[in-house]
Colleague: 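This is the structure, below, for whatever I ask next.
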Amino acid sequence: MTNIFTRIKDTLSSDLHHMMDQKEQKNPIAALNHYLRQSEQEKEKVRKLVERQYKLKDEFIKEQQLAQDLADKRLKQAEIAEKANEEQMHEFAMKEHQEYQARADRMKTSRDEAAEELEALEKKYEDMKHKLKDMHLRRMELMGRENVARANHQMNRVVEQTSDKPFSKFAEMEKYIETLEYKVNSSYYRSTFDNKIAKLEKEMKEKEQA
């Protein structure tokens with residue numbers, strides 16, 4: 001039964017990857033957006049790990065300091081008990097000192113390890129941010145090339161649609177503008193014709209009277 005479920009899972013996973021490959025071929029920007037979303041989620045996980053590691057390192061520092069303070073305190077108390085010839089108190093203080101000192105040393109080691117791990121996480125986080133920025137820039141470049149390709153395709157389609165006709169859309173528009181100009185000019189000429197005739201008639205009368 002387990003093998004059956006495994007085969008079904010593998011089949012579904014294979015089909016999903018196949019669909020994603022087809023989607024990437026048909027729409028590379030959509031596929032890139034999908035990868036960017038996944039990468040952003042991974043970056044967010046690493047960011048949270050970095051924050052957690054900072055807190056952990058601070059906790060190790062606090063615990064180390066606390067243990068070291070107690071170790072130093074017990075050591076001084078052991079010296080006082082020794083001078084006072086209090087053997088039992090001296091023995092207790094030294095035992096406590098050794099335990100606290102061992103804890104402080106262990107916390108120091110843990111702190112150093114946490115600091116190294118934090119540095120590695122920070123480097124990984126910075127690398128991820130740079131790679132994501134590059135991916136965003138690549139998406140912008142890809143979108144620009146896609147826009148140019150679409151524009152060229154659209155222009156080619158318009159040319160192909162009108163190349164076998166006596167008048168393309170642009171030629172029809174030019175003819176319309178010329179017709180409109182002719183109508184405007186004709187209307188203007190007619191509207192000023194009467195004034196021009198009246199002026200000529202007046203000038204002729206003035207010459208006759210002179």
Side-chain angles (χ1 to χ4, degrees), residues 1-79 91-151:
M1 184 66 70
T2 303
N3 290 335
I4 293 175
F5 284 126
T6 302
R7 285 199 299 271
I8 293 173
K9 180 181 176 182
D10 292 341
T11 301
L12 290 173
S13 178
S14 176
D15 291 342
L16 180 60
H17 287 305
H18 180 66
M19 289 172 62
M20 285 300 298
D21 290 341
Q22 288 183 332
K23 184 179 180 181
E24 184 174 0
Q25 292 175 3
K26 293 180 179 179
N27 194 341
I29 292 180
L32 186 56
N33 287 338
H34 175 73
Y35 298 144
L36 280 171
R37 284 193 296 270
Q38 287 184 327
S39 299
E40 289 286 355
Q41 291 172 358
E42 291 301 318
K43 188 191 77 170
E44 183 63 18
K45 290 179 184 178
V46 175
R47 185 189 66 79
K48 290 180 180 179
L49 287 174
V50 170
E51 290 182 354
R52 192 182 304 170
Q53 197 69 14
Y54 264 112
K55 292 178 182 178
L56 190 60
K57 189 186 77 169
D58 291 341
E59 288 297 321
F60 282 136
I61 292 173
K62 290 179 183 178
E63 291 295 334
Q64 179 204 353
Q65 189 61 51
L66 178 62
Q68 190 62 56
D69 290 344
L70 290 171
D72 295 340
K73 179 181 177 181
R74 287 291 187 262
L75 183 61
K76 289 181 181 179
Q77 290 173 341
E79 292 173 354
E91 183 180 348
F92 174 81
M94 285 302 297
K95 183 180 179 182
E96 287 268 296
H97 163 72
Q98 291 171 359
E99 290 179 355
Y100 284 129
Q101 189 61 53
R103 183 183 300 172
D105 293 341
R106 190 169 70 253
M107 290 299 98
K108 182 179 183 302
T109 301
S110 298
R111 181 203 68 185
D112 293 341
E113 291 175 353
E116 290 179 3
E117 292 169 353
L118 176 60
E119 185 178 357
L121 280 173
E122 286 179 325
K123 287 181 179 178
K124 182 180 179 182
Y125 184 60
E126 288 300 318
D127 288 342
M128 291 184 74
K129 288 198 295 185
H130 284 303
K131 288 178 181 178
L132 269 172
K133 182 64 175 179
D134 289 340
M135 289 177 71
H136 280 292
L137 293 175
R138 287 176 62 189
R139 180 178 65 173
M140 290 171 59
E141 293 168 351
L142 186 59
M143 289 174 66
R145 289 197 295 270
E146 186 187 47
N147 287 338
V148 172
R150 286 185 177 179

Colleague: Can you give me the closest heavy-atom contact between Ala93 and Gln77, atom names plus distance?
Modeller: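 Here Ala93 and Gln77 meet closest at CB-C, 4.2 Å.
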Colleague: For residues Leu121 and Val46, report the shortest heavy-atom separation together with the two atoms involved.
Modeller: O-CG1, 4.2 Å
Colleague: Measuring from Leu70:CG to Gln101:CD, what's the distance to the nearest 0.5 Å?
Modeller: 11.0 Å
Colleague: Checking Lys45 against Glu42 for the salt bridge (charged side-chain N to carboxylate O under 4.0 Å, His left out) test, could you report, in this order, the C-alpha distance in whole Å, the side-chain angles of both residues, the deciding distance, and whether it holds?
Modeller: CA-CA 5 Å; Lys45 290 179 184 178; Glu42 291 301 318; 3.4 Å; yes
Colleague: To the nearest 0.5 Å, tell me how far Gln64 CD sits from Arg111 CZ.
Modeller: 4.5 Å
Colleague: Using residues 128-137 as the side-chain source, report each donor-acceptor pair under 3.5 Å to any protein atom, sequence neighbours left out, with the distance given to one decimal.
Modeller:
unit_1, atom_1, unit_2, atom_2, d
Lys129, NZ, Glu126, OE2, 3.1
His136, ND1, Arg139, NH2, 3.4
His136, NE2, Glu40, OE2, 3.3

Colleague: Identify whether the distance between the nearest side-chain nitrogen and carboxylate oxygen of Asp58 and Lys62 falls below 4.0 Å.
Modeller: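 Result for this pair is no, no salt bridge flagged.
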Colleague: How many angstroms lie between CD in Glu63 and CZ in Arg103, if you round to the nearest 0.5 Å?
Modeller: 7.5 Å
Colleague: Which atoms form the tightest heavy-atom contact between Met94 and Ala78, and what is the distance?
Modeller: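 In terms of heavy atoms, the two residues are closest at SD-CB, 3.5 Å.
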Colleague: Arg74 and salt bridge (Lys or Arg N to Asp or Glu O under 4.0 Å): which single residue from Glu96, Glu79, Glu99 fits?
Modeller: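 Exactly one option meets the salt bridge (Lys or Arg N to Asp or Glu O under 4.0 Å) with Arg74, and it is Glu96.
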Colleague: Find the distance between OG (Ser110) and CG (Asp105) and round it off to the nearest 0.5 Å.
Modeller: 11.0 Å
Colleague: What donor-acceptor contacts under 3.5 angstrom involve side-chain atoms of residues 47-57, with partners at least two apart or in another chain?
Modeller:
unit_1, atom_1, unit_2, atom_2, d
Arg47, NE, Glu44, OE1, 3.2
Arg47, NE, Glu44, OE2, 3.2
Arg47, NH1, Glu51, OE2, 2.4
Arg47, NH2, Glu44, OE2, 2.4
Gln53, NE2, Ala114, O, 3.3
Gln53, NE2, Glu117, OE1, 3.0
Tyr54, OH, Glu122, OE2, 2.3

Colleague: How long is the straight-line distance from NZ of Lys124 back to NZ of Lys43, given to the nearest 0.5 Å?
Modeller: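 Nearest 0.5 Å value for the NZ-NZ distance: 14.0 Å.
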Colleague: According to the salt bridge (Lys or Arg N to Asp or Glu O under 4.0 Å) rule, which pairs have a member within residues 64-73, sequence neighbours left out?
Modeller: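 Those involving residues 64-73 do not exist here.
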